[in-house]
Protein chains: 2
Amino acid sequence: MKLSPESLEAFAHAASLGSFSAAARQLGKSQSTVSEAISRLEIDLGLTLFDRSGKSPVLSAAGQALLGRVEEVLSASDRLQRTASALAGGLESRLTLVLSDAYQSEHFKSRIMQLAERFPELEFECIFAENADIISLISSGRATLGLLPVEGQLLPEIGRAPVAERAEFAVYASPGHPLVQQGEIESSQLAQWRHLGLNTLSGSAQGQEWQPVSQIRSWSAPNYLILLDLAVMGFGWAVLPRWLVDAYAADKLVELTLPDWPRFQALEVVWSRKRPLGPAGNWLRDALASHP
Amino acid sequence: MKLSPESLEAFAHAASLGSFSAAARQLGKSQSTVSEAISRLEIDLGLTLFDRSGKSPVLSAAGQALLGRVEEVLSASDRLQRTASALAGGLESRLTLVLSDAYQSEHFKSRIMQLAERFPELEFECIFAENADIISLISSGRATLGLLPVEGQLLPEIGRAPVAERAEFAVYASPGHPLVQQGEIESSQLAQWRHLGLNTLSGSAQGQEWQPVSQIRSWSAPNYLILLDLAVMGFGWAVLPRWLVDAYAADKLVELTLPDWPRFQALEVVWSRKRPLGPAGNWLRDALASHP
DNA sequence: AGAATCCATCGGTAAATCCGATATGAAGTT
DNA sequence: AACTTCATATCGGATTTACCGATGGATTCT
């Protein structure tokens, strides 16, 4: 059995206005149409929705109980239509942002909140990866937009735009690590201890070249959070984003004081030129690139 | 613009089956009907839902994004129809249970869970009151079913049935209270200290007559939880349900050792004979009265 | 009692829904 | 290449639904 949307709408309006004819006026239909729609609904549901003994109809107990359900149907149908017209207006059906853990800021968070406000019908997905993995997700089409530390050479199909903010990196080790005992350290001394660095699934990548290199066989992990855990466990030293250490290991890692550290790494937004950005992607790219 | 339920259903089935004709078979309609319904929906939404270049149609990006919304509409409409047929089948549209804090048990909780399972379409409301207030909520129709310690005389319109379990009450005071310092106490000694007792909005009530009486002007509150707070704050002694003290003030109140205490109070379910119980109310009444 | 509303019902019209038949197109087979 | 198979699109026509305007009965207010 099908419940016609006309009946549901007539019922909802009549219930909230307490009058069939008022509902008819509000809906721009004739009174008889509303009356018939409601009585058809009553027949379909097998229930009396209104007590019509008085001058104006009053919701019955069943009507009260069902009104909420009817409104759920109508609002779901409304959402469907809003989403459809957003899509028909050119909005992309989904925006996938791939992020590096290198960076996080209030500016970034507020941009995402603005995105949610501006494009309420957008399906938004956020995934995490580092370095070359970000690029490969973008060029494969799995992700629409990426945010990562600037890399040297990229494929020409990858569009890129600089981001105003920078990510701060420092060298950290656990409090128990031998490097922490010494006061001032030379960069060369790092080479004597195990380095904890990023790896990537995409073979080509060798991470950022500006990281200090260790002579000892280094350990690697696919993201900064695991790297941070390894450092906390004392397995070696690592170059980590400051915000991440402050947020998750403020008291469990010590920053090493080295010449030229901490460093500030420029960031950029990337996308694929093969798949043109939709309005939300365009907006987010520009918003991330703009000054705070 | 209205989206016909036929179109939505055709779209949902076609999307999940990957075929218009399979959807038509499943819906018991002709293939042309499904094809037309979907193309009408596409026109209404202003979008192409399927890529029809291959032999069998494939959801477009917009189609994927909208499928979820469409299913929300259909499932809301389904819920509406299920609720309607439950109501048409005689189920009351709402069941309001008024409870005394005197009692709580696993048996009771499991009954409520069974109620939720058996009557998934029932709107259930639980409110709290004590003694005479419970009776007045029942007889006014605000509540359907009440659960309270047995009272002596009740109006004849109130139906009542005994509950197998009993509620345990004991006399408590805060650790700093003078009564606690003494070891064994006579019931008569209580009279020298302030009593914390229940009051009710309904004038007629005088609470349970079996409570010890104080000669000092007693303080009162409308429910056991506030009474417990007053006792914790050291304002006097109170007769409280044991489960409540165990749950909320295990280490902040001391049980007084008195002759004839603790006591076990019989409970009963009450309802109004003027408003016959629906199937859920009947079931719950019998379930509460039955042995665990 | 009379005026003003309100709802139910009826006849008629336009539109939507549905079917069966037919045309057309894609994929796989011979 | 021709053929079979299994899709979808489209057309004409029957049925049902949505809608309107007119009418009549009931309730409330004056």
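Throughout, protein chains are lettered first and strands after them, A, B, ... in sequence-line order, and every chain is numbered starting at 1.
Across D:dA18, C:dC19, D:dC20, the shortest atom-to-atom separation from the side chain of A:Ser32 is found for D:dC20. Closest to the side chain of A:Lys55, from the set C:dC18, D:dT27, C:dA26, is D:dT27. Out of D:dA7, D:dA9, C:dC19, the shortest distance to the side chain of B:Arg52 is found at D:dA9. When distances are taken from the side chain of B:Ser19 to each of D:dA7, D:dA9, C:dC19, the shortest belongs to D:dA7.
OP1 or OP2 of C:dC19 lies within a sub-4.0 Å distance of a side-chain N or O belonging to B:Ser30. For D:dC20, the OP1/OP2 oxygens have a side-chain nitrogen or oxygen of A:Thr33 closer than 4.0 Å.
Scanning for side-chain contact (heavy atoms from CB on, under 4.5 Å) contacts around B:Ala37 gives B:Ser7, B:Ala10, B:Arg40, with sequence neighbours left out. Remark: A:Pro276 engages no residue in a side-chain contact (heavy atoms from CB on, under 4.5 Å) (not counting sequence neighbours). Listed by chain and residue number, A:Arg94, A:Glu125, A:Ile127, A:Arg142, A:Ala143, A:Thr144 satisfy the side-chain contact (heavy atoms from CB on, under 4.5 Å) test with A:Thr96 (two or more places apart in sequence, or in another chain). Shown here are the side-chain contact (heavy atoms from CB on, under 4.5 Å) partners of A:Ala280, two or more places apart in sequence or in another chain: A:Leu91, A:Glu92, A:Leu95, A:Leu115, A:Phe119, A:Leu122. Applying the side-chain hydrogen bond (donor to acceptor under 3.5 Å, both in side chains) rule to A:Arg275 yields no partners; only residues at least two apart in sequence or on another chain are considered.
The stretch residues 35-47 of chain A comes close to DNA chain C through A:Ser35, A:Glu36, each having a heavy atom under 4.0 Å from the strand.
Within the nucleic acid shown, A:Gly18 has no heavy atom closer than 4.0 Å to any nucleic acid atom. Across all strands shown, B:Ser56 has no heavy atoms under 4.0 Å from either base or sugar-phosphate atoms.
Among the candidates B:Ile134, B:Asn282, B:Leu284, the single residue satisfying the side chain to side chain contact (heavy atoms under 4.5 Å, CB included) test with B:Leu145 is B:Leu284.
Protein atom NZ of B:Lys29 is 4 Å distant from nucleotide atom P of C:dC18, rounded to whole Å. Rounded to an integer number of Å, the gap from CG of A:Leu8 to P of D:dA18 is 11 Å. In this structure, CG of A:Leu17 is placed 17 Å from P of C:dT5, rounded to the nearest angstrom. Following rounding to the nearest Å, A:Phe50 (CZ) and C:dC7 (P) show an atom-to-atom distance of 9 Å. Distance CG (A:Leu3) to P (D:dA18): 11 Å, rounded to an integer number of Å. B:Lys2 places its NZ atom 14 Å from the C1' atom of D:dT17, with the value rounded to the nearest Å. Rounding to whole angstrom units, CZ of residue A:Arg25 and P of C:dC7 are separated by 9 Å.
Nearest-nucleotide assignment on DNA chain D puts the 5′-proximal partner with B:Gln31, out of B:Gln31 and A:Ser4. Residues A:Phe20 and B:Ser7 each lie close to DNA chain C; by heavy-atom proximity, the contact nearer the 5' end of the strand is made by A:Phe20.
The closest side-chain heavy-atom distance from A:Val269 to A:Arg160 is not below 4.5 Å.
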